[in-house]
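All ligand and atom numbering here is 1-based and tracks the order in the structure.
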Amino acid sequence: MNPVAGHRLGQGTWYMGEDPARRNDEVRALQLGVDLGITLVDTAEMYGEGGAERVVGAAIAGRREGVTLVSKVYPHNAGRTEVQRACERSLARLGTDRIDLYLLHWRGGVPLAETLEGFEQLRAAGKILAYGVSNFDTADMEEALGVPGGSALAANQVMYNLRRRGIEFDLLPWCRRHGIPVMAYSPLESDRREQQRLFSVPALRQVADRHGATPAQIALAWLFAQEGVTAIPKAVQPDHVRANRAALDIVLSAEDLAMLDAAFPPPSRAVPLDVL
Ligand code: NAP
């Protein structure tokens, strides 16, 4: 069973675990999300250099069973042997004996075959239940599929939101054809200025008003309407966590979707993958 399947919404953790003064709020936000049913949690050894994984560990202590944990390995730690050690460090910080989905954070210098061999060893040892990749474009996915272990890829995590729809031209259809879920990161545009630019688009505000919702909720509801996509917004403010959960209940009409398409046109040609 693919660990991402069945989750349209998860919780991101980038920028968590960096400031001790915010730690309690971050732990509580994740716990609130899990209580509300947002049980997929996305983290990485990179975030806060292990700090975010520790925050997640604190948040899921005593409730590991109900949570789907996703973490990511740095490309420079993705060698056959190094990845075993990196995973052990992540497990210790997360306070668990297994990661549900372990991703290569982006492509680096280590040959894919080595990383996938390392992932297979971790899976055989029960340290990870599934593995996948992040920031892989279509050509990378094609290449990965040809490498031993490539057919087991359980997700590709990429940037995807209303303003960044490039993957709809080729990568998203490719992933759908191969039954590989896409995890949409920065679904709300993490950069504050870019986020304001997104939220102030009149069509988005209009659709939001129709539903008595916020632009952020509509941006998420639009992602939920995309087949094979899981959105992983990061939220520390409790109102944001609740709003993101409530967005799951918004059903966009054909007219809403047409308005959003007009304001945020889908790609008409191949474009390079958006990467943060
Ligand atoms: P994001 O989730 O699109 O945006 C986060 C920002 O949106 C925060 O400032 C958050 O505020 C705010 N926010 C959350 N819910 C909101 C709501 N309902 N209304 C208004 N504002 C809201 O950006 P992101 O953190 O870049 O992406 C999400 C996750 O994807 C990351 O945390 C990480 O787990 C993952 N990611 C992966 C990669 C990769 O290379 N694989 C790259 C980037 C991100 P508060 O926190 O103050 O509530």
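Ligand 1 lies nowhere less than 4.0 angstrom from a heavy atom belonging to Gln217. Taking 4.0 Å as the cut-off, Met16 does not count as a neighbour of ligand 1 on heavy-atom distance. Within the structure, ligand 1 has Tyr47 among the residues with a heavy atom less than 4.0 angstrom away.
In terms of protein heavy-atom proximity, atom 40 (O) of ligand 1 is closest to Asn135 ND2, 2.9 Å. Nearest protein neighbour of atom 15 (N) of ligand 1, counting heavy atoms only, is Asn244 ND2, 3.1 Å. Annotation: atom 3 (O) of ligand 1 to nearest protein heavy atom, Leu188 N, 2.6 Å. At the top of the distance list for atom 32 (O) of ligand 1, counting protein heavy atoms only, stands Trp14 N, 2.8 Å. Nearest protein heavy-atom neighbour of atom 43 (C) of ligand 1: Tyr185 CD1, 3.3 Å. With respect to atom 20 (C) of ligand 1, the closest heavy atom belonging to the protein is His240 NE2, 3.3 Å. Counting protein heavy atoms only, atom 24 (P) of ligand 1 is closest to Ser190 CB, 3.5 Å. Among all protein heavy atoms, the one lying closest to atom 34 (O) of ligand 1 is Asp42 OD2, 2.6 Å.
Within the 4.5 Å cutoff, no side-chain heavy atoms of Asn156 are placed close to those of Met183. In this structure the side chain of Leu252 reaches within 4.5 angstrom of the side chain of Val207, judged on heavy atoms. Within the 4.5 Å cutoff, the side chain of Leu171 has heavy atoms near those of the Met141 side chain. Taking the side chain as every heavy atom from C-beta outward, Leu260 and Leu204 approach each other to under 4.5 Å.
When Ser71, Ser186, Gly12 are ranked by how near their heavy atoms come to atom 1 (P) of ligand 1, first place goes to Ser186. Looking at Leu198, Ile232, Thr214, Val70 and measuring to atom 28 (C) of ligand 1, the nearest heavy atom belongs to Ile232. Summarising the contacts of atom 25 (O) of ligand 1 with Lys234, Arg242, Gln195, Arg192, the nearest heavy atom is found in Lys234. Among Gln11, Arg22, Gln157, the residue whose heavy atom sits closest to atom 37 (C) of ligand 1 is Gln157.
Met46 is not connected to Val110 by any chain of hydrophobic side-chain contacts under 4.5 Å among Ile, Leu, Val, Met, Phe, Trp and Tyr, and they are in different clusters.
Under 4.0 angstrom from ligand 1, the non-hydrogen atoms of Ser134 all belong to its side chain. Neither the backbone nor the side chain of Met159 comes within contact range of ligand 1; no heavy atom lies under 4.0 Å. Contact annotation for Ala216 and ligand 1: only side-chain heavy atoms (C-beta onward) come within less than 4.0 Å of the ligand. Of the heavy atoms in Leu103, none comes closer than 4.0 Å to ligand 1.
Taking every non-hydrogen atom of Pro233 and a distance limit under 4.0 Å, the qualifying atoms of ligand 1 come out as 2 (O). Near Glu189, with a cut-off below 4.0 Å to any heavy atom, the atoms of ligand 1 are 3 (O). Near Val236, with a cut-off below 4.0 Å to any heavy atom, the atoms of ligand 1 are 45 (P), 46 (O), 48 (O). Applying the 4.0 Å criterion to heavy atoms of His105 picks out, from ligand 1, the atoms 39 (C), 40 (O), 41 (N). Under a 4.0 Å criterion applied to the non-hydrogen atoms of Ala235, ligand 1 contributes the atoms 14 (C), 15 (N), 46 (O), 48 (O).
Note that CG of Leu40 and CZ of Arg8 are 13.5 Å apart. Values are rounded to the nearest 0.5 Å. Summarising the geometry, atom CG belonging to Leu69 is positioned 8.5 Å from atom OG1 belonging to Thr43; distances are rounded to the nearest 0.5 Å.
Ligand 1 has an N or O atom lying under 3.5 Å from an N or O atom of Thr13, backbone or side chain. Below 3.5 Å of separation, one finds no N or O of Lys72 facing any N or O of ligand 1. For Pro187, a nitrogen or oxygen atom sits less than 3.5 Å from a nitrogen or oxygen atom of ligand 1, counting backbone and side chain alike.
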Solution key, residues 28-38 side-chain donor-acceptor pairs under 3.5 Å, sequence neighbours excluded:
{"unit_1": "Arg28", "atom_1": "NH2", "unit_2": "Asp25", "atom_2": "OD1", "d": "3.3"}
{"unit_1": "Gln31", "atom_1": "NE2", "unit_2": "Ala59", "atom_2": "O", "d": "3.2"}
{"unit_1": "Asp35", "atom_1": "OD1", "unit_2": "Arg63", "atom_2": "NH1", "d": "2.9"}

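Around the CD atom of Glu255, the shell of radius 6.0 Å holds no more than 12 heavy atoms that belong to other residues, nucleotides or ligands. Annotation for Arg177: atom CZ counts as buried by contact number, over 12 foreign heavy atoms lying within 6.0 Å.
A side-chain donor-acceptor contact under 3.5 Å links Glu120 and Tyr131. Looking only at atom types and distance, the side chain of Glu45 has no donor-acceptor partner in the side chain of Ser71 under 3.5 Å away.
Residue Leu101 forms a side-chain contact (heavy atoms from CB on, under 4.5 Å) with just one option from Asp42, Val70, Asn2, and that option is Val70.
Under the 6.0 Å cut-off for aromatic ring centres, Tyr185 and Tyr160 do not qualify, their centroids lying 6.0 Å or more apart.
Using a 4.0 Å cut-off between charged nitrogen and carboxylate oxygen, Arg107 and Glu143 count as a salt-bridge pair.
Take Trp174 and apply the ring pair (Phe, Tyr, Trp, His ring centres under 6.0 Å) test, not counting sequence neighbours, and it matches His178.
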